[in-house]
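Contents: one structure, followed by commentary.
Residues take their numbers from the sequence shown, with the count starting at 1.
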Amino acid sequence: MNMNNNALQAEELVTLKSIYGSQWKENDVVENLYSINIAKDVELYITLNSSYPLEGPPSYDLLAPILTKNVKYIINCALDEIYFDNIGGPVLFQSIERIKDIVQKECKYKGKKDKNNNSNGKKKTDNKLKITGKQSNVKYNIIHGETIEDRKSIFQGHVCVVNSEEDVKNVIKLLLQNKKISQAKHNISAYRITKPNGVLLQDCDDDGENLADGRLMHLLQILNVMNVVVIVTRWYGGIHLGKDRFKHINHAARLALQTGGFV
């Protein structure tokens, strides 16, 4: 039996109501807007878009003044991971419980986490990987995200505004002038451009990291980012990461997009 998005949403809402009871609230004013209290001073708002779940994710808005920017980033990464692991299926319960788990751990170990984050040497690694010199080119202002490290592999995203396929080629060429980036194992890229006549140009390249480019493109599509190219550099550490590499590639891309103010 085939089910459309409305039917799948209705089925999921019944399940959530039965699990969370009065904690699960439907907004009386805004259609398809729901909320649930995660912890003290942490409220999650969820909008069920018409494309969810078959074609796209729901929209999340976390009202949490007590959480740091880093914790919110961790939550965004977790939500991305859940969605990409369950494309086309329900993700709300998993997402809510993951956020609860992250917030609970943050509240319990905040002091310890902050101390570890300040002493893990990550900032030093970022400084080494950032581009200097030609990256400040006036025409192509390439923005670089923070790095993500896992089992000796390092991932870093780069983003730049583009208006043509020639711009895309020039940005990648400029980026590869950095010796460290050019010597990386992979530089995965994806771009989306809207021309003045309304024509959409989009393409991607895995640079040898099989299937990674399609996932990167899908991220740009669900974020509805236009006139931008995203490149994710991976320095391979000698240990296979399995599907975790796709998670890190998309997280690195999203972090760069956030740094540039595109999302």
Side-chain angles (χ1 to χ4, degrees), residues 49-51 55-57 59-61 69 73 76-77 79-80 83-84 87 126 129-148 154-235 245-263:
N49 307 313
S50 59
S51 60
E55 293 91 26
S59 296
Y60 300 100
D61 187 12
K69 182 179 179 181
Y73 166 66
N76 282 332
C77 290
L79 294 176
D80 282 346
Y83 172 70
F84 283 110
I87 292 178
D126 287 349
L129 297 176
K130 288 182 179 178
I131 301 174
T132 57
K134 294 184 179 181
Q135 63 115 35
S136 59
N137 183 290
V138 174
K139 184 176 181 181
Y140 299 116
N141 181 27
I142 303 175
I143 298 168
H144 315 285
E146 294 183 14
T147 58
I148 297 171
I154 302 174
F155 303 80
Q156 184 179 31
H158 323 274
V159 298
C160 187
V161 173
V162 290
N163 295 295
S164 67
E165 292 174 305
E166 182 179 2
D167 281 346
V168 174
K169 293 177 182 178
N170 289 339
V171 168
I172 294 175
K173 183 178 179 180
L174 179 62
L175 192 65
L176 294 178
Q177 288 179 3
N178 178 274
K179 185 176 180 181
K180 195 171 189 70
I181 291 178
S182 67
Q183 291 179 345
K185 182 69 173 179
H186 307 290
N187 283 289
I188 307 104
S189 61
Y191 68 86
R192 302 184 77 212
I193 300 170
T194 301
K195 303 296 290 182
N197 60 4
V199 174
L200 173 64
L201 302 177
Q202 59 180 19
D203 200 0
C204 51
D205 180 15
D206 64 15
D207 193 32
E209 185 68 282
N210 191 31
L211 303 178
D213 57 335
R215 293 174 182 243
L216 189 58
M217 174 63 75
H218 192 227
L219 177 67
L220 296 184
Q221 291 170 341
I222 65 174
L223 293 176
N224 197 28
V225 178
M226 303 301 301
N227 296 327
V228 67
V229 60
V230 178
I231 304 100
V232 176
T233 303
R234 179 189 180 184
W235 290 271
R245 69 190 190 278
F246 299 127
K247 174 183 67 176
H248 297 322
I249 288 167
N250 275 17
H251 290 174
R254 183 175 185 126
L255 185 55
L257 289 165
Q258 289 175 332
T259 300
F262 295 101
V263 294

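The OH atom of Tyr191 sits 9.5 Å away from the OG atom of Ser164 when rounded to the nearest 0.5 Å. Atom CD1 of Ile222 is separated from atom CG of Asp80 by 6.0 Å, given to the nearest 0.5 angstrom. Atom CG of Leu216 sits about 11.5 Å away from atom CD of Glu209, to the nearest 0.5 Å. Here CE of Met226 is found 2.5 Å from OG1 of Thr194. Values are rounded to the nearest 0.5 Å. Note that CG of Leu174 and CD1 of Ile181 are 9.5 Å apart. Values are rounded to the nearest 0.5 Å.
Inter-residue side-chain proximity for Leu257 and Leu220 is flagged as met; some heavy-atom pair is nearer than 4.5 Å. For the pair Ile193 and Val162, the minimum side-chain heavy-atom distance is below 4.5 Å. Looking at heavy atoms from C-beta onward, Glu55 lies out of side-chain contact with Asn49 at the 4.5 angstrom threshold. In this structure, Val161 and Val228 have side chains that are not in contact, with every pair of non-hydrogen atoms separated by 4.5 Å or more. For the pair Trp235/Gln183, no side-chain contact is recorded, criterion being any heavy-atom separation below 4.5 Å from C-beta on. Side-chain contact check for Arg192 versus Asn224: some heavy-atom pair is nearer than 4.5 Å. A 4.5 Å side-chain heavy-atom check between Phe155 and His251 finds every atom pair outside the cut-off. Between His186 and Asp213 there is no side-chain heavy-atom pair separated by less than 4.5 Å.
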Inset, instruction - Any chance you could lay out the side chain to side chain contact (heavy atoms under 4.5 Å, CB included) test for Tyr73 and Gln258, step after step, and finish with the verdict? - result: CA-CA 10 Å; Tyr73 166 66; Gln258 289 175 332; 3.9 Å; yes

Legend entry - side chain to side chain contact (heavy atoms under 4.5 Å, CB included) assessment of Leu211 paired with Asp206: CA-CA 7 Å; Leu211 303 178; Asp206 64 15; over 6 Å; no

Legend entry - Full working for side chain to side chain contact (heavy atoms under 4.5 Å, CB included) between Ile188 and Arg215: CA-CA 10 Å; Ile188 307 104; Arg215 293 174 182 243; over 6 Å; no

Inset, instruction - For the pair Ser189 and Ile172, evaluate side chain to side chain contact (heavy atoms under 4.5 Å, CB included) and give the outcome as yes or no after the intermediate values. - result: CA-CA 9 Å; Ser189 61; Ile172 294 175; 4.0 Å; yes

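When all heavy atoms of Asn187 and Thr233 are compared, the pair lying nearest together is OD1-OG1, 2.6 Å. Listed here is the closest heavy atom pair of Leu200 and Gln202: CD2-OE1, 3.8 Å. Between Gly56 and Tyr83 the shortest heavy-atom distance is CA-OH, 3.4 Å. Across all non-hydrogen atoms, the minimal contact from Ala190 to Cys204 is CB-CB, 3.9 Å. In plain terms, the two heavy atoms of Ile148 and Ala252 that are nearest each other are CD1-N, 3.6 Å. Closest approach of Phe84 to His218, counting heavy atoms only: CE2-ND1, 3.5 Å.
Each of Asp203, Val171, Leu175 was scored for a side chain to side chain contact (heavy atoms under 4.5 Å, CB included) with Val229, with one residue passing: Val171. For the side chain to side chain contact (heavy atoms under 4.5 Å, CB included) criterion with Arg234, the lone passing option out of Gln156, Arg245, His248 is Arg245.
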